[in-house]
Amino acid sequence: MSKLPEKSSQKKPRVIHWYRTDLRVHDSPSLKTAIDLDPECLWSIWIWDPTYVQGHRVGMNRLHFVLESMRELSGSLTSIDSGHKLSVLRGSPEKVLDWIFKNWDVTHIVWEIDTSAYARNRDAAIMDLAQKHNVTALPVLGHTLYSVPLLLKHNANKPTTTMQQWMKAASHLPSPEFPIPAPTELPPAGKVILPEGGFIHDDGTEPKDVNLQEQGGWRRERVSCFDKEGRTATDIPSLESVGIVKEEVQSLIPPGERVALDRLARLCKDKAWVAAFAKPQSSPAVVPSEFMEGAMYKNPSQKGEIKNTKAAGGSTFVLSMFLKFGCLSVRTFYHSAKQAIEDYKAANLTGAVVQSEPENIIGQLKFREMYICAEYATPNFSRIRGNKLCRYISWKCPTRYDENGVEIHPRPKDDEDAEKILYAWTHGQTGFPWIDALMRQLRQTGWMHHLGRHSVACFLTRGQGYISWERGAEVFDELLLDWDPAANSGNWMWLSCSAFYSMYYRVYSPVSFPQKWDPTGQLVRLYCPELKDFPDKYIYEPHKAPLSIQQKANCVIGVTYPHPILDLKTSQASCQRLMKQAYDANLYGTSPAVLDGSAQDLLDIRAKAGKTAADGDGGSTFKEESGVKSDKAKGAPKRMNPFERAKMGSTASTVKTNDPAVKRKKLS
DNA sequence: ATCAGAGTTGATAAT
DNA sequence: AATTATCAACTCTGA
Ligand SMILES: Cc1cc2nc3c(=O)[nH]c(=O)nc-3n(C[C@H](O)[C@H](O)[C@H](O)COP(=O)(O)OP(=O)(O)OC[C@H]3O[C@@H](n4cnc5c(N)ncnc54)[C@H](O)[C@@H]3O)c2cc1C
C-alpha cells in the first residue's frame, strides 16, 4: 500500500477484487478492503483456469458445487448493485492478469489470502506481475481466524503438529475479530474487456482432460467452456459447458452462501446442541435429514434420517465444503458457535454437559487451522518424499520417482493384490459393508463424517491395506466437496500414523466400530442396497452368514456382493509388524535414503529378516543394531540404525537440524 | 535425568 | 447394559 502508482495518482483507485476462496458477500474482509479504497470502479473477477478443470481430477460434485456457488455469488452482487456480476475469465491467472494489468488501467488488486502451496506460488508470481505493472496487490486475511505466518512466528516457524503447540502459538495473537455485514452498495462496476479471441490460444498447450471417461474420469465429451466461443465469454460457465449433466449430479448438499448461512443459523439456534457438541460423540452413521430429503435435481433413492439410540448427538455441522469455497466465513462460524455456547452457559441450565476444546466445535475450527499452519511450514506436504514431517513407511502402491526425483506418471503398478485392494476400496467393493457404504457415500454425496474418514483411511493404510496414504488422499481429492490440501494430507498422515499421531496399534475395526454406532446397519442398507435385507447380526460381515440367510436376503456373497478383499486378522497383524519395522527404521520424507530412493530396499531387507527391535530371540543382526527401544532397554545410548547412517555419510551433520528425521537421530 | 501422564475420538474381556 | 482393566505400545511435555 506504500506508494500509489504515478500514472494513477491524480484519480480514484480502479480496483479488482479477485475471488478464489471467498464466494460470499457476508463477512468478507477482502471485499471490504476493496470497497474501502473508495474506487472509481470495481471489478469482481474469477479466473477459470483450464488446469483446474482439465488437468486436475475433480469429481462432478465438486465442480458443480463451485460453479453453482459462483452463480449465486454473482446474483448476490447483482442484487446489491444491478450493474455488478462476477466476471469469469477463462485462462491461467498469470496470462489473464498480465493482459488485464496492461489494458484495464488498474491501480489495485485485492484478494483473500490462501496459504496452500499451490496458491502461495501462484500469488507470489502475481505479486511480481502486479509490481511490474505498478498495480498494488492487497492480500487480506479472511480464510483463517489467525494469520498463518504470524502464528507460526510464535512456533519458531516450525509446523504445528499438536493442538497444544498450536494453541500456545495462537495465544500470542489477538482473538479473531467479529464478522462484518455484507455491503449494501458497491462502487460502479468496471468495464470488462477481453483480448481478441480471449486469453487462451490454440498453441497446443491445452492440458489434456484427465476427467474424461477414457482417462478414468466421469466426463463424456471434451469441455466446451474453453472453445472458441466459450473462451471469450465472461459469464459463469454453464454446467453443460464443463460436461455436467444436471440429472447426474448425485450430491445432496446444495451449494452457495445462502444454504451455508441458513444451516449455520439453524444449528446455532439449538444452543444446547452446540454447547454439548463433542466430535468423538457425533455419529459417523447419521446423515443430516435435510440432505436426505431431496437430491437437488431428482428424487433420491435415499429417504429418511438415520437415527439410532447410540447417535443421540447426531452428526457434525456439515459445513466444511462451504468453508472451503468461502461460502461461509470462518469468523462467522466461529462467533456464531461461540455465542451459542456462551448463551447456553449463561442460561445456567441443567441437562447438556458443556464441552470444551478441543472436542467441541471451536476446537474443530482450530484443528482446521493447525493443519493449515502445518502445511504452510512444510514443503511437499502432500507427498511423503521431501516431507520432513512424514514418516517413511514401506507402503504398497507408492508414488514412484525417476532417477532425477521426478514423479512418474502414470504411476507404475504395484503387485496385483495391492492394486486390487486399492481399486476395491476406491469403488466401495471391499466386501466390508461398513467401508463400502462409506466410500459409496463419499462418491455419491461428496461428504463423509470424520469418523467414517477415520475408518476408511485406517483400513486402507496402517490398519489392513498397507496402501500408501497418498493414494487414499488422491481419491478424496477427486470425490470430496470439502477437499483441502492442508486438511486432506494432514489428516491422511494422521490416520496412517505418518505424522501428528503415532499410536499405530489403535486400529479401527470395520465390524466392531460400526456396531457401536449403527447396530442395525442403516448406513449400509442405504448405500449398499444389495445388502439391505440381511439381518442385523450379519450386516457388517455378510460373508459369515449361512448360505440360506444369504439367499433369503437375495444377496449371495461372491455373486451379488463381493467376498472380503482381505482377511482382517492376518492383514492387520502383518500391518502391525510392518509398522513396527518402519518405526524402528525411523526414516522420514527428507531422510537421504528416501530422497535417493533406497529406503524401500532398506525396509524390504528388514522385512525379510523378519525382525523388529522388540522381537525377543537373537539371530538377527538388525535386532542388535537398529532398535531405539532395545537400546533403551539395555541402557545403551541411542544409536543411528546402520542403514540410515550409511546413507547419510559424512553429510549428516550438515543437514538442517529442524528436520525431525535428523534431529531424532542426533546423538545426544 | 527420569518418569508419569496425556494425547481429538480402539478393541476386547472382565466386572 | 455400562463401566473398567488390559492389551501392547509411540512421542512429547513437564514436574
Ligand atoms: C483422512 C481424512 C481426510 C480429510 N480430508 C479433509 C479435507 O480434504 N477437507 C476438510 O475440510 N476436512 C478434511 N478432513 C477433516 C474432517 O473429516 C472434515 O473437516 C469434517 O468431517 C467436515 O465435516 P463437518 O463440517 O461436519 O465438521 P465439524 O466436525 O462440524 O467441524 C467444523 C469444521 O471444522 C473443520 N474441521 C473439523 N475437523 C477437522 C480436521 N480434522 N481437520 C481439518 N479441519 C477440520 C472443518 O472445516 C469443519 O467444517 C479429513 C479427515 C480425514 C480423517
Side-chain angles (χ1 to χ4, degrees), chain A residues 155 158-169 276-286 308-313 315-317 355-371 374 389-391 393 434 448-459 461-464 487 490-491 493-517 519 540 568-569 572-573 575-586 588 612-616 627-633 635 637-638 660-661 663-665 668:
Chain A
N155 197 49
K158 288 215 274 268
T160 42
T161 56
T162 66
M163 203 57 221
Q164 287 178 355
Q165 227 177 56
W166 185 90
M167 301 248 243
K168 210 166 164 184
F277 178 87
K279 183 73 154 257
Q281 270 124 262
S282 64
S283 169
V286 171
N308 61 60
T309 48
K310 306 274 173 166
S315 190
T316 48
F317 283 68
Q355 301 288 326
S356 43
E357 296 173 23
E359 283 87 359
N360 72 6
I361 186 59
I362 301 298
Q364 300 312 304
L365 295 175
K366 294 186 173 179
F367 271 111
R368 172 174 176 268
E369 307 226 346
M370 183 195 82
Y371 286 117
L389 280 187
C390 184
R391 277 182 186 280
I393 295 166
W434 174 243
M448 194 198 294
H449 184 277
H450 187 60
L451 293 179
R453 299 184 200 198
H454 274 224
S455 286
V456 300
C458 180
F459 180 89
T461 60
R462 68 182 165 86
Q464 283 85 17
N491 280 289
M493 282 188 263
W494 183 299
L495 262 299
S496 62
C497 285
S498 300
F500 301 102
Y501 188 77
S502 47
M503 292 182 272
Y504 58 75
Y505 42 88
R506 289 197 174 170
V507 177
Y508 290 88
S509 158
V511 180
S512 318
F513 187 73
Q515 261 159 4
K516 194 164 65 191
W517 289 108
Y540 296 117
L568 271 188
K569 285 235 153 59
Q572 188 170 329
C575 279
Q576 289 296 298
R577 205 170 47 246
L578 292 164
M579 289 299 289
K580 173 119 197 72
Q581 282 163 3
Y583 265 61
D584 284 348
N586 202 33
Y588 285 77
T612 68
D615 281 341
V628 169
K629 179 92 188 261
S630 65
D631 283 349
K632 236 203 250 165
K638 287 191 179 186
K663 216 166 83 180
R664 274 162 233 222
K665 278 294 168 188
S668 46

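Source: prediction; values computed, not measured. Scope of the values below: all heavy atoms of this structure, side chains included, with no hydrogens, waters or symmetry mates. Proteins come first, then strands; the chains are lettered A, B, ... in the order of their sequence lines, and each starts at number 1.
With P as the reference atom, dA6(B) and dG10(B) are 16 Å apart, rounded to whole Å. Separation of the P atoms belonging to dG7(B) and dA9(C) is 23 Å when rounded to the nearest angstrom. One P atom belongs to dA8(C), the other to dT8(B), and the distance between them is 25 Å to the nearest Å.
Remark: the backbone N or O of A487(A) is not paired with any side-chain donor or acceptor of R368(A) at under 3.5 angstrom. A donor-acceptor contact shorter than 3.5 Å is absent between the side chain of S498(A) and the backbone of C390(A). With hydrogens and angles ignored, the 3.5 Å screen pairs no side-chain donor or acceptor of E359(A) with any backbone N or O of F277(A). No donor-acceptor pair under 3.5 Å is formed between the side chain of Q464(A) and the backbone N or O of S509(A).
Taking every side-chain heavy atom of S509(A) into account, dA11(B) is the closest of dA11(B), dG7(B), dG10(B). Counting only heavy atoms from C-beta on, Y371(A) has its side chain closest to dT8(B) among dT8(B), dT9(B), dC10(C).
Residue-to-nucleotide proximity on DNA chain C shows that, of Y583(A) and R506(A), the 5′-proximal contact is made by R506(A).
Computed from coordinates, the R462(A) CZ to dC10(C) C1' distance equals 11 Å when rounded to whole Å. Spacing between atom CD of Q164(A) and atom P of dG5(B) amounts to 16 Å, rounded to whole angstrom units. For Y501(A) and dA6(B), the OH to P distance is 15 Å, given to the nearest whole Å. Whole-Å rounding puts the H454(A) NE2 to dG7(B) C1' distance at 13 Å.
Taking 4.0 angstrom as the limit, K516(A) places a side-chain polar atom (N or O) nearer than this to OP1 or OP2 of dA11(B). Look at K580(A) and you'll find a side-chain N or O under 4.0 angstrom from OP1 or OP2 of dC10(C).
Checked by atom type, the side-chain pair H449(A)/S282(A) shows a donor-acceptor distance below 3.5 Å.
Across all strands, Q364(A) comes closer than 4.0 Å to base atoms (heavy-atom distances). Here N491(A) lies in heavy-atom contact (under 4.0 Å) with a base.
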